[in-house]
Amino acid sequence: MKQIILIFISFIVISNNTYSQNDTYKERSKCIVISKDIVKENLTYPEEAKFSTSFVHEENGYGKCIVLGQVTASNAFGVKTKYTFKIWMAHNGKEWAERRNWELEKLILEDESKSQTVIDNRKKPVNDSRKRELGSIDGINCTFIEGSSLFTRIITLNKLSREQIKRTSIELEIKTDIIYFHLPNKTNRGEEYGMKNGNLIFLFDEK
């Protein structure tokens with residue numbers, strides 16, 4: 001009787017593993033099919049596209065995946081070109097065969113013959129140039145003039161000292177690691193009198 005129970009349990013384990021493997025393969029196949037459609041949307045001659053049979057597929061969170069592959073198609077000049085592509089995409093849970101149910105998050109398409117990136121739609125930092133007051137350091141007013149998720153540029157009416165610059169991130173609630181400091185009459189890039197990069201402080205001589 002024990003042998004029968006053990007065999008039955010083993011069968012369940014094997015069946016579950018087989019289901020899991022098959023399910024993973026199905027998800028991989030779906031991602032690859034849709035990735036081909038996305039690539040074709042970005043080719044000059046999509047009807048000529050010939051994809052390699054080798055793909056790299058990676059799960060990237062629930063309903064998300066990354067596909068890496070290669071395709072050969074004619075470029076804008078009609079020359080046969082080999083491209084490598086990498087696609088980040090997400091499925092909304094509806095009918096998987098419908099392209100509209102997949103969101104393209106990022107796409108990189110590279111021309112192998114020229115070692116040149118043809119498409120790279122990864123989100124770039126967006127610059128903000130809306131001038132506004134940030135507050136003051138020891139009574140010295142600080143005005144935001146430009147910034148993004150990577151850097152911040154501010155104008156101070158007078159030059160801040162090294163110790164004052166150290167305090168700007170906390171006192172002015174600036175989130176970026178890099179902060180550039182300008183005087184009112186020198187606001188162009190390259191005319192900074194100082195810079196803060198993390199814990200490093202740089203003071204530049206006036207030109």
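Heavy-atom basis, side chains included; hydrogens, waters and symmetry copies ignored.
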Pairing residues for [X] by the side-chain contact (heavy atoms from CB on, under 4.5 Å) criterion, not counting sequence neighbours:
{"X": "Glu98", "result": "Glu95, Arg100, Asn101"}
{"X": "Thr187", "result": "Ile145, Ile155"}
{"X": "Glu163", "result": "Ser161, Lys166"}

What distance do [X] atom [atom1] and [Y] atom [atom2] have between them, rounded to the nearest 0.5 Å?
{"X": "Ile87", "Y": "Cys65", "atom1": "CD1", "atom2": "SG", "result": "9.0 Å"}
{"X": "Ile137", "Y": "Ile170", "atom1": "CD1", "atom2": "CD1", "result": "10.0 Å"}
{"X": "Asn75", "Y": "Tyr83", "atom1": "CG", "atom2": "OH", "result": "4.5 Å"}
{"X": "Ser136", "Y": "Leu172", "atom1": "OG", "atom2": "CG", "result": "8.0 Å"}
{"X": "Asn42", "Y": "Ile119", "atom1": "CG", "atom2": "CD1", "result": "4.0 Å"}
{"X": "Trp88", "Y": "Ser35", "atom1": "CH2", "atom2": "OG", "result": "12.5 Å"}

Run through the side-chain heavy atoms of Ile, Leu, Val, Met, Phe, Trp and Tyr, join any pair under 4.5 Å, and report what else lands in Tyr45's cluster.
none
Linked, directly or transitively: [X] and [Y] (ILVMFWY side chains, under 4.5 Å):
{"X": "Phe151", "Y": "Met195", "answer": "yes"}
{"X": "Ile178", "Y": "Leu200", "answer": "yes"}
{"X": "Val56", "Y": "Ile108", "answer": "no"}
{"X": "Leu104", "Y": "Ile32", "answer": "yes"}
{"X": "Leu109", "Y": "Val33", "answer": "yes"}

Not counting sequence neighbours, which residues clear side-chain hydrogen bond (donor to acceptor under 3.5 Å, both in side chains) with [X]? List them please.
{"X": "Thr44", "value": "none"}
{"X": "Thr176", "value": "Thr152"}
{"X": "Glu133", "value": "Thr143"}
{"X": "Lys86", "value": "none"}

Quick test of your reading: applying salt bridge (charged side-chain N to carboxylate O under 4.0 Å, His left out), list the pairs with at least one residue in [range], sequence neighbours left out, ordered by first then second residue.
{"range": "residues 31-42", "value": "Glu41-Arg99"}
{"range": "residues 69-83", "value": "Glu48-Lys80"}
{"range": "residues 137-155", "value": "Asp138-Arg167, Glu146-Arg153, Glu146-Arg189, Arg153-Glu192"}

Mark yes or no for whether Ser54, through its side chain, and Ser52, through its backbone, hold a donor-acceptor pair below 3.5 Å.
no
Mark yes or no for whether Tyr193, through its side chain, and Leu160, through its backbone, hold a donor-acceptor pair below 3.5 Å.
yes
Would you say Lys196 and Thr168 are linked by a side-chain donor-acceptor pair, where the criterion is simply a distance under 3.5 Å?
no
Could you check whether atom CZ of Arg130 has more than 12 heavy atoms from other residues, nucleotides or ligands sitting under 6.0 Å from it?
no
Please check if atom CG in Asn199 has more than 12 non-hydrogen atoms from other residues, nucleotides or ligands closer than 6.0 Å.
no
May I have the step-by-step check of side chain to side chain donor-acceptor pair (under 3.5 Å) for Glu110 and Thr84, ending in yes or no?
CA-CA 5 Å; Glu110 297 182 340; Thr84 294; 5.7 Å; no
Minimum-distance pair of heavy atoms, taken over all atoms of [X] and [Y]:
{"X": "Leu203", "Y": "Arg162", "result": "CD1-NH2, 4.0 Å"}
{"X": "Ile34", "Y": "Ala97", "result": "CD1-O, 4.3 Å"}
{"X": "Lys64", "Y": "Glu59", "result": "O-OE1, 3.3 Å"}
{"X": "Ala49", "Y": "Ala73", "result": "CA-CB, 4.1 Å"}

Output every pair passing ring pair (Phe, Tyr, Trp, His ring centres under 6.0 Å) with a member in residues 99-119, not counting sequence neighbours, ordered by first then second residue.
His91-Trp102
Any idea how Phe85 and Phe51 line up, ring-wise: parallel (<30°), tilted (30 to 60°), or perpendicular (>60°)?
perpendicular
